[in-house]
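What follows is a short report on a single structure.
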Amino acid sequence: MPRYWLFKTEPHAFSFERLKKDGTTPWSGVRNFQARNNMVEMRLGDLGLFYHSSIAEPAAMGICKVVKEAYPDFTAFEKGGEYYDPRSTPGKPMWQMVDVAFVEEFAHPVTLARMRADPRLVGMDLLKKGYRLSVQPVMPHEWKIVLELSK
DNA sequence: GCCAACGTTGGC
DNA sequence: GCCAACGTTGGC
């Protein structure tokens, strides 16, 4: 049984269209411990909702899957880079990432408003006030409902 | 652009 | 180890 996750991104930084085009990408740049820990828990074949945030209509755009389990986030080693963190070294990496691959684009993106409007999704992390994690777990029943809303 | 919420940092 | 200050996130 795969587990389910949600990957949040600002589309101008990295969009679902880009994943569709590239096929796969390292989910680099996560600098939050809880989000990192979630990635460490991921296993090959786990599935994720790909979510666009910080835009007029935030929405889950489609599905991706984990194709490489957690390994050190090399962007933390890149001096001068946007994601450089001197506390993380190749010998003792602090930050991890997984690789995700494009699986499916939703016929209808499931907007944040649409999810909020569905009473069955009331406990979903994404909808909780102040919950900002960029990598979140998604419960199987929530996954099923979001897919249903995307049809 | 505002601002609530929350994680992180650092002084003590 | 507490907690105030600070920075970031992200919906609106």
Side-chain angles (χ1 to χ4, degrees), chain A residues 3-22 25-42 46-66 69-100 102-139 141-151:
Chain A
R3 293 182 66 187
Y4 302 109
W5 308 93
L6 180 143
F7 294 85
K8 193 190 289 181
T9 176
E10 300 186 14
H12 50 88
F14 189 91
S15 67
F16 194 56
E17 291 70 34
R18 175 84 185 284
L19 180 68
K20 189 180 179 182
K21 189 159 151 281
D22 294 356
T25 187
W27 205 254
S28 60
V30 172
R31 296 294 177 268
N32 170 283
F33 292 105
Q34 263 179 278
R36 179 205 64 183
N37 294 345
N38 284 336
M39 287 197 290
V40 169
E41 280 189 40
M42 292 179 188
D46 279 4
L47 296 168
L49 294 172
F50 196 105
Y51 178 81
H52 282 174
S53 70
S54 290
I55 48 171
E57 198 155 62
M61 306 303 294
I63 299 173
C64 59
K65 76 173 171 194
V66 176
E69 294 181 5
Y71 63 106
D73 181 344
F74 55 78
T75 64
F77 310 142
E78 294 170 351
K79 275 203 183 67
E82 191 183 348
Y83 298 107
Y84 178 59
D85 185 343
R87 299 172 300 173
S88 187
T89 62
K92 210 179 172 191
M94 173 177 281
W95 303 113
Q96 302 274 315
M97 61 190 178
V98 296
D99 285 357
V100 299
F102 174 87
V103 173
E104 179 193 325
E105 185 171 13
F106 286 153
H108 306 284
V110 183
T111 65
L112 180 62
R114 184 72 188 83
M115 288 187 262
R116 281 202 196 286
D118 195 312
R120 296 171 299 170
L121 291 176
V122 162
M124 192 174 178
D125 280 352
L126 181 72
L127 310 182
K128 288 180 189 162
K129 195 174 177 181
Y131 200 86
R132 306 175 312 187
L133 271 196
S134 61
V135 179
Q136 312 176 358
V138 172
M139 297 299 110
H141 75 277
E142 296 164 349
W143 178 268
K144 209 173 144 205
I145 293 163
V146 173
L147 262 58
E148 177 197 313
L149 297 178
S150 75
K151 305 282 185 237

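We name chains A, B, ... by the order of the sequence lines, and we start the count at 1 in each one.
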Rounded to whole angstrom units, what separation is found between the CE atom of A:M115 and the C1' atom of C:dG10? 14 Å
Given the rule in the ring pair (Phe, Tyr, Trp, His ring centres under 6.0 Å) test, do A:Y71 and A:W95 qualify, once you have shown the distances and angles that lead to the verdict? CA-CA 8 Å; A:Y71 63 106; A:W95 303 113; over 10 Å; no
Determine all donor-acceptor pairs shorter than 3.5 Å in which one atom belongs to a side chain in residues 122-132 of chain A; sequence neighbours excluded.
from, atom 1, to, atom 2, distance (Å)
A:D125, OD1, A:K128, NZ, 2.8
A:D125, OD2, A:Y131, OH, 3.3

Using 0.5 Å steps for rounding, measure from the CD atom of A:E105 to the OG atom of A:S150. 11.0 Å
What pairs of nitrogen or oxygen atoms, one from the protein and one from nucleotides 6-9 of chain C, lie under 3.5 Å apart?
from, atom 1, to, atom 2, distance (Å)
C:dT8, O2, A:R132, NH1, 2.8

Calculate, to the nearest 0.5 Å, the distance between atoms CZ and CD belonging to A:R120 and A:E142 respectively. 11.5 Å
Give A:R116 one of three labels, base, sugar-phosphate or nothing, depending on what nucleic acid heavy atoms sit under 4.0 Å from its own. sugar-phosphate
Between A:M61 and A:K20, does a side-chain contact (heavy atoms from CB on, under 4.5 Å) hold up when you go through it step by step? CA-CA 11 Å; A:M61 306 303 294; A:K20 189 180 179 182; over 6 Å; no
Report the distance from atom NZ of A:K128 to atom P of B:dA5, rounded to the nearest whole Å. 16 Å
Looking across every strand, which nucleic acid part, if any, lies under 4.0 Å from A:F33 by heavy atom: base, sugar-phosphate, or nothing? sugar-phosphate
Give A:R87 one of three labels, base, sugar-phosphate or nothing, depending on what nucleic acid heavy atoms sit under 4.0 Å from its own. sugar-phosphate
Scanning both residues in full, the closest heavy-atom pair of A:P93 with A:F77 reads CB-CZ, 4.1 Å
